[in-house]
Amino acid sequence: FPSHDTPAKKAEGLIDLYPTKPNLYYYVGKAQNKLKNYKKAKEFLELGLDYVVEDKKLESGFYKQLILSAEGLTDVKMRQNYQKKLDQVK
């Protein structure tokens, strides 16, 4: 069975080709969260968030994944910050 690492690696490679596609960062971040690589997930998610334009569903997804990263990193302040931002998107 393929691991979560395979799509994450593919998406990371695609980011090099399409550095302004936010959904690629989202998929890498989500995969890294599943692998419990919270710090790496946070880096990709924060980078990709800058490219989200007028897409509330995707923006919400980023914030939800960042909240998971924060919980994994036991960063209460970061979690609260992204929870506030998520509440503002809705």
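Atom set for the values below is all heavy atoms of this structure, side chains included, hydrogens, waters and symmetry mates excluded. All figures in this text were calculated on a predicted structure; none of them were measured in a lab.
- Residues Leu49 and Leu66 meet the side-chain proximity criterion, which asks for heavy atoms closer than 4.5 Å.
- The hydrophobic clustering, which links ILVMFWY residues whose side-chain heavy atoms are closer than 4.5 Å, places Leu24 and Val53 apart.
- Listed by first and then second residue, the side-chain hydrogen bond (donor to acceptor under 3.5 Å, both in side chains) pairs involving residues 57-72 are Asn33-Gln65, Asn33-Ser69, Glu59-Tyr63, Glu71-Arg79 (not counting sequence neighbours).
- Note: Ile67 CD1 to Gln80 CD = 11.0 Å, rounded to the nearest 0.5 Å.
- Judged as a salt bridge (Lys or Arg N to Asp or Glu O under 4.0 Å), the pairs with a partner in residues 45-54 (not counting sequence neighbours) are, in order, Lys42-Glu46.
- Clustering ILVMFWY residues whenever any of their side-chain heavy atoms sit less than 4.5 angstrom apart, transitively, puts Tyr82 in the very cluster that holds Tyr26.
- Panel note: side chain Asp75, backbone Met78; a donor-acceptor pair is recorded below 3.5 Å.
- Nearest heavy atom pair, residue Pro22 against residue Val52, reads CB-CG2, 3.7 Å.
- Side chain of Tyr25 to main chain of Pro19: a donor-acceptor pair is present (N/O by atom type, distance under 3.5 Å, no hydrogens or angles).
- With rounding to the nearest 0.5 angstrom, the CG atom of Leu58 is 6.5 Å from the CG atom of Asn23.
- Note: Asp55 CG to Phe62 CZ = 9.5 Å, rounded to the nearest 0.5 Å.
- In the hydrophobic cluster analysis, where Ile, Leu, Val, Met, Phe, Trp and Tyr join through side-chain heavy atoms closer than 4.5 angstrom, Leu47 is grouped apart from Leu35.
- There is no path of hydrophobic side-chain contacts, each under 4.5 Å, that joins Leu73 to Leu45.
- Residues Phe44 and Glu12 are in side-chain contact: their nearest non-hydrogen atoms beyond the backbone lie under 4.5 Å apart.
- One finds the NZ atom of Lys30 at 5.0 Å from the NZ atom of Lys34 (value rounded to the nearest 0.5 Å).
- Side chains of Lys21 and Leu14 form no contact here, defined as non-hydrogen atoms less than 4.5 Å apart.
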